[in-house]
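First the structure, in the form of structure tokens, and then the observations on it.
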Amino acid sequence: MVESIPVITIDGPSGAGKGTVAQNLADQLGFHLLDSGAVYRAAALHALNCQANIDDEPSVMAALESMKASFQPHPDGVKVDLNGRDVTQQLRLETTASAASKVAVMPAVRASLLDEQRSFRTSPGLVADGRDMGTVVFPDATLKVFLSASVEVRALRRAKQLKDKGIETTMPNLLQEIGARDERDSSREHSPLVAAHDALIIDSSDLSIRAVVGRIVAALPMLTAVE
Ligand code: C5P
């Protein structure tokens, strides 16, 4: 039964370190990884490629009918093919993230992406990162984590990440984009970014990735015992 397959959910705002923490944890436990942000980014990119109006739900939904995406594990995260084209790099652009946060407010879009996300729950287990993994997609998760950090720390981390990928940006732009995205993600009506009532809350502003992973593993006595 799929419900018996363990899931660890890591939700939080962009730049809190969810992706790196999730990848480390998945590697350590030998679990699969779901980067749900990549699913929303792919949907937004496909809508843009189809010339859909990114602010209009019916227009985006019509475009999504022709979306064929595959998400493959990759040492740097996830490799994404969209209708036969490798869009891994394009997916990481802040402009794609911003479009993703626009389509992510649409309930029909969120509902249409649920099955895709839940299909990642396969044996021996899953680490899922996003905004509503513990609240909506996997409400029965084994452990729910809410990872946050100050907006300045998150912008600095995102700048470094983008630089490592050869993508140039400026701090004022990044602070503005992250602030706008936080606001959209937290204030939307459907599946807003909130900590699940039963989540373990970690502020990663002054913690290394290793320290965060350590705290999560420490909260998982049963799973670490079967490692
Ligand atoms: O996590 P990432 O920055 O890749 O996500 C891009 C955008 O996709 C987020 O700003 C958010 O609007 C949306 N998203 C979401 N629910 C998720 C994952 C991402 O709404 N579970």
* Partners passing salt bridge (charged side-chain N to carboxylate O under 4.0 Å, His left out) against D115 (at least two apart in sequence or in another chain) -> none
* To do: Taking the side chain as every heavy atom from C-beta outward, state whether V78 and L33 have any atom pair closer than 4.5 Å.
  => no
* Do R110 and D132 meet the salt-bridge criterion of a basic N to acidic O distance under 4.0 Å? -> yes
* Minimum heavy-atom distance L64-S112, with the two atoms named -> CD1-OG, 4.1 Å
* Could you tell me whether the side chain of N53 and the main chain of S59 form a donor-acceptor pair under 3.5 Å? => no
* Asked: Are V21 and N24 close enough that some pair of their side-chain heavy atoms sits under 4.5 Å apart?
  -> no
* Asked: Is L45 reachable from M61 through a run of I, L, V, M, F, W or Y residues, each pair having side-chain heavy atoms under 4.5 Å apart?
  -> yes
* Asked: Between D140 and R121, is there a salt bridge with N-O shorter than 4.0 Å?
  -> yes
* Asked: So, are R154 and D182 salt-bridged, with charged N and O less than 4.0 Å apart?
  -> yes
* **Cluster link L193 to I8, ILVMFWY, side chain under 4.5 Å** => no
* Residues, nucleotides or ligands: over 12 heavy atoms within 6.0 Å of R215 CZ -> no
* Should L34 and L113 be counted in the same cluster of Ile, Leu, Val, Met, Phe, Trp and Tyr side chains packed under 4.5 Å apart? -> yes
* Asked: If you take all heavy atoms of R157 and G17, which pair is closest and at what distance?
  -> NH1-N, 4.0 Å
* Below 4.0 angstrom, N of the basic side chain to O of the carboxylate: do K144 and D198 qualify? -> yes
* To do: Could you check Q72, H74, K79 and say which one makes a side chain to side chain contact (heavy atoms under 4.5 Å, CB included) with T88?
  => K79
* Asked: Within a reach of under 6.0 Å around CG of D164, are more than 12 heavy atoms found that belong to other residues, nucleotides or ligands?
  -> yes
